[in-house]
Amino acid sequence: MRTTLGERLTDWAISGFMWGFRILIVFIIVYGTFSTLSSGKYTGEQWIDFIVFGISQGSIYALIALGYTMVYGILRMINFAHGEIFMSGAFSGYFVATWLDEKGFIDANPVLGLLIPILFAMFMSASISMLVERIAYRPLRNAPRLVPLISAIGASFFLAYAFRGLFGPGVYAYPPIKALDGEWVIFGVGILRSQVIVAIAAAVIMAILYFIVMRTKIGKAMRAVSEDKVTAALMGIDVNRIIVSTFAIGAAMAGAAGVLYALIYRQVFFLMGFTPGIKAFTSAVLGGIGNIPGAMLGGLVLGIFESVGPALFLDGLGIPRPYQLKDAIAYTMLVMILLFRPSGILGERLTSKKA
Amino acid sequence: MNKRLLALFSLLVIASMVLAACGGGAAPAADSGDAGSDAGSDTGSDTGSDAGGDTGAAMYECTDALGCVTIAPGEPVKIAYWGVLSGADGSLGEDSKRGVEIAIDDMGGQFEGHDILLTTEDALCTPEGGATAAQKLATDTSLVGLIGSSCSDETVGGIAALTNAGLTTISPSNTRPVLTDPARGPDYAGYLRTAHSDAFQGKAVAEFAYNVLGVRKAATIHDGSAYAEALQQVFADEFAALGGEIVAQEAVAKDATDMRPVLTTIAAAQPEFVYFPVFVAAGGFIVNQIRDVAGLEDVKIAGSDGIFTADFLKAGGDNTVGMYLSSPDFGAFPGGYPEFIEKHNAKYGGAPLSVFHAHAYDAANILFAALKQVAVVEADGTIYVPRQALRDAIYATQNFQGVTGSLSCSASGDCGAPVIAIYEITSANPDDWNPQDEANPNPKKVYP
């Protein structure tokens with residue numbers, strides 16, 4: 001294993017460049033942060049607002065990211081139609097909520113008025129996702145890896161434009177829930193009620209998921225299939241059933257995320273799944289794809305960075321219109337974290353079998 | 001392998017050159033200029049003129065610098081509409097398309113005994129979408145003229161392809177000032193518009209904010225689009241010239257949804273007035289979220305013609321009530337507008353979707369008037385349309401009595417008669433949207 005001087009010099013130059021790059025980015029971030037904070041442009045309350053906005057956006061990313069990460073964990077496949085599953089959840093929730101709103105039900109029972117659309121959206125999203133799995137993915141289970149990926153992209157477009165055909169290209173406004181207007185004062189800080197509800201709902205749903213995966217029989221079976229499909233089948237696990245349930249559970253969470261998203265941004269339209277889908281995929285990679293707590297953490301980290309980042313890093317550097325660079329921050333952070341930890345924040349080192 | 005590929009490729013190139021040359025040879029006095037880009041259009045027109053020759057009629061000699069479109073008997077006169085027809089801003093383009101359709105109805109659906117055929121191309125309100133749509137249309141050699149695009153971004157992306165194909169387009173709704181700047185460059189030779197330039201619109205909003213609302217500190221948000229970026233800058237300059245202070249100019253990505261962080265940054269600058277001349281999706285997100293941000297609960301807000309549509313009420317919800325929108329002043333349109341609205345509402349069963357239907361109607365009529373001047377009609381019904389002559393005739397339009405005013409096109413393509421008004425939204429119910437209604441308009445005109 002002797003290497004020539006030239007090879008060693010090249011290695012040395014590359015790792016030197018990488019370290020220089022990392023140090024440069026960290027320096028820019030620290031410098032920007034320092035000069036923003038020392039300029040005193042924002043009050044403490046405004047910083048808290050930034051973080052709260054980030055948490056509610058991030059918990060939605062996290063919910064969607066779980067679907068990506070679970071499917072990847074089991075099939076080693078990126079389900080690109082997942083953003084559209086999220087969109088279909090938002091649409092289902094919208095139609096139920098509007099119907100309930102017209103009957104005056106939401107104003108009378110705000111809790112049920114929130115819960116029913118979420119449950120219906122979870123059901124619809126899960127059904128659509130199971131159909132997609134059956135039609136677009138299962139026949140390709142043993143095909144080379146790129147094939148189901150292309151099929152997923154096709155399914156994504158099909159769903160988006162099917163919704164366009166059914167409900168038109170216009171924008172629908174999710175009905176406001178009056179009980180959620182205004183703020184709650186928590187630890188002396190006023191926080192928007194809708195944001196609190198979204199964060200709590202997301203936390204509860206994720207806790208339930210974690211319980212299912214870690215403590216129930218089906219969760220155990222899912223983990224077994226994720227480890228090794230063939231051996232799991234030999235142990236008497238119905239692999240197809242487990243894969244379908246994985247799709248259904250992931251999609252149910254995306255459906256719930258769709259309604260929560262509609263709740264804080266109040267708009268539903270056929271292309272709404274694209275950007276959150278990509279961001280959630282980023283979150284899943286960020287946290288370590290295939291790792292469930294990683295997806296949750298990745299979503300939160302991404303949401304908070306997006307919300308706080310432009311004001312904290314870029315304002316201080318004197319960059320005009322920093323919010324246009326929000327996405328640049330998100331993806332720069334992805335690159336940074338993958339540079340330091342190639343398998344994501346909580347990702348395990350992939351064995352050759354899994355990779 | 002490579003050699004064979006190369007051979008095949010060169011064979012194809014030679015074949016296409018031969019074909020192009022044959023076409024040129026068959027036409028007497030074929031245009032020598034612009035050989036490369038016009039090769040396609042030549043072959044198209046020549047097959048047509050051959051057909052004319054067979055019937056024994058005197059053959060028309062096309063000497064036009066950009067070539068001619070030949071419309072054989074029984075073939076339709078093709079015009080195209082390109083603009084945004086889907087997505088959150090679809091109503092902007094759909095509204096203009098209806099204006100063109102009404103203009104075609106007024107012609108009885110026919111030009112010199114040929115049916116008028118309107119094709120459409122969705123340009124998605126983005127530069128990329130505009131480029132794709134324009135490239136597709138540029139390959140259609142039977143196309144006479146175009147109406148569009150809807151969004152300034154689409155024109156920025158697509159105009160070079162259209163101009164180079166010898167086509168001319170009239171936009172009913174592009175408002176970015178620089179599109180008709182005298183120094184806009186040769187790519188824009190095929191571009192005119194009946195819409196107002198935002199140099200007027202931004203000024204009207206600034207005057208309204210400073211003089212009528214009496215605010216002195218304003219902030220703006222744009223979405224990085226050619227339209228919004230230029231318009232908010234015009235506003236900022238005019239507002240500062242009046243003596244006001246611009247405390248913040250922020251921008252978001254066009255597909256951004258979480259506006260609260262950028263609004264928090266704006267709140268830190270404590271404006272009294274926030275102006276966001278963006279499109280429907282982003283506008284809806286901003287209006288929905290602005291009242292949630294501490295410090296902006298009571299700030300006065302305004303937008304512009306990009307969100308002057310019932311769709312914006314759907315997207316923005318209850319918070320839109322009391323918001324100001326600038327738009328062409330429908331009340332100041334000199335003549336024929338009520339009759340136009342009557343035709344529109346009878347044909348489509350409802351009030352116009354957005355603001356530029358009348359501008360599109362005028363644009364189509366200018367195109368038809370120019371077509372009438374330059375088209376050569378043979379005895380057998382064949383029509384020849386010389387492209388450069390058509391373009392020149394459109395530029396030469398003077399005192400054209402349109403619905404939106406008396407229109408005269410400048411050498412840099414500005415045909416619009418800009419009269420801007422500020423409207424206030426009085427109801428958030430999209431079904432109530434009817435700014436043309438006399439008794440109970442929503443939104444209601446408040447300035448001038």
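Letters A, B, ... mirror the listed sequences (proteins, then strands); counts begin at 1. The figures here come from the full heavy-atom set of this structure, side chains too, leaving out hydrogens, waters and symmetry mates.
Without hydrogens or angle criteria, B:Gln249 side chain to A:Arg321 main chain gives no donor-acceptor distance under 3.5 Å. The closest donor-acceptor contact from the side chain of A:Tyr323 to the backbone of B:Pro261 lies under 3.5 Å.
The environment of B:Lys136 atom NZ is sparse: at most 12 non-hydrogen atoms of other residues, nucleotides or ligands sit within 6.0 angstrom. Within a 6.0 Å radius of CZ in A:Phe95, more than 12 heavy atoms belonging to other residues, nucleotides or ligands are found. Counting non-hydrogen atoms of other residues, nucleotides and ligands closer than 6.0 Å to CH2 of A:Trp184 gives a total above 12.
When the heavy atoms of residues 269-278 of chain A are compared with those of chain B, the residues falling under 4.5 Å are A:Phe270, A:Thr275, listed by number. Residues of residues 301-314 of chain A placed with any heavy atom under 4.5 Å of a heavy atom in chain B are listed by number as A:Ser307, A:Ala311.
A:Tyr265 is listed as a side-chain neighbour of B:Asp258, based on a closest heavy-atom distance under 4.5 Å.
In terms of heavy-atom pairs under 4.5 Å with chain A, the best-connected choice from B:Ala315, B:Pro430, B:Ala253 is B:Ala315. Most heavy-atom pairs under 4.5 Å with chain B: of the set A:Phe50, A:Tyr172, A:Tyr261, this distinction falls to A:Phe50. Of the residues considered (B:His222, B:Met259, B:Arg291), B:His222 shows the highest number of contacts with chain A, using heavy-atom pairs under 4.5 Å. Contact tally against chain B (heavy-atom pairs below 4.5 Å) for A:Leu325, A:Ile264, A:Val268: the top residue is A:Ile264.
For the atom pair B:Gln289 CD and A:Ser194 OG, the distance stands at 9.0 Å (nearest 0.5 Å). Rounding to the nearest 0.5 Å gives a distance of 9.0 Å between CG of B:Asp318 and CZ of A:Arg266. Put simply, OG1 on B:Thr264 and CZ on A:Phe53 are 4.0 Å apart, with the number rounded to the nearest 0.5 Å. Separation of atoms NZ (B:Lys254) and CD (A:Gln324) is listed at 12.0 Å; rounding is to 0.5 Å. Interatomic distance, B:Thr265 OG1 to A:Asp49 CG, rounded to the nearest 0.5 Å: 11.0 Å.
Neither the backbone nor the side chain of B:Ala248 comes within contact range of chain A, judged by heavy atoms closer than 4.5 Å. If you measure heavy-atom distances from B:Ile221 to chain A, you find no contacts under 4.5 Å at all. Within the 4.5 angstrom heavy-atom criterion, no atom of A:Pro175 approaches chain B. Within the 4.5 angstrom heavy-atom criterion, no atom of A:Glu45 approaches chain B. Proximity to chain B (any heavy atom under 4.5 Å) is shown, for A:Gln46, by both the backbone and the side chain. With a 4.5 Å cut-off on non-hydrogen atoms, B:Asp89 does not touch chain A at all.
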inquiry  = Checking B:Asp292 against A:Gln195 for the side-chain contact (heavy atoms from CB on, under 4.5 Å) test, could you report, in this order, the C-alpha distance in whole Å, the side-chain angles of both residues, the deciding distance, and whether it holds?
reply    = CA-CA 11 Å; B:Asp292 296 344; A:Gln195 310 257 359; 5.7 Å; no
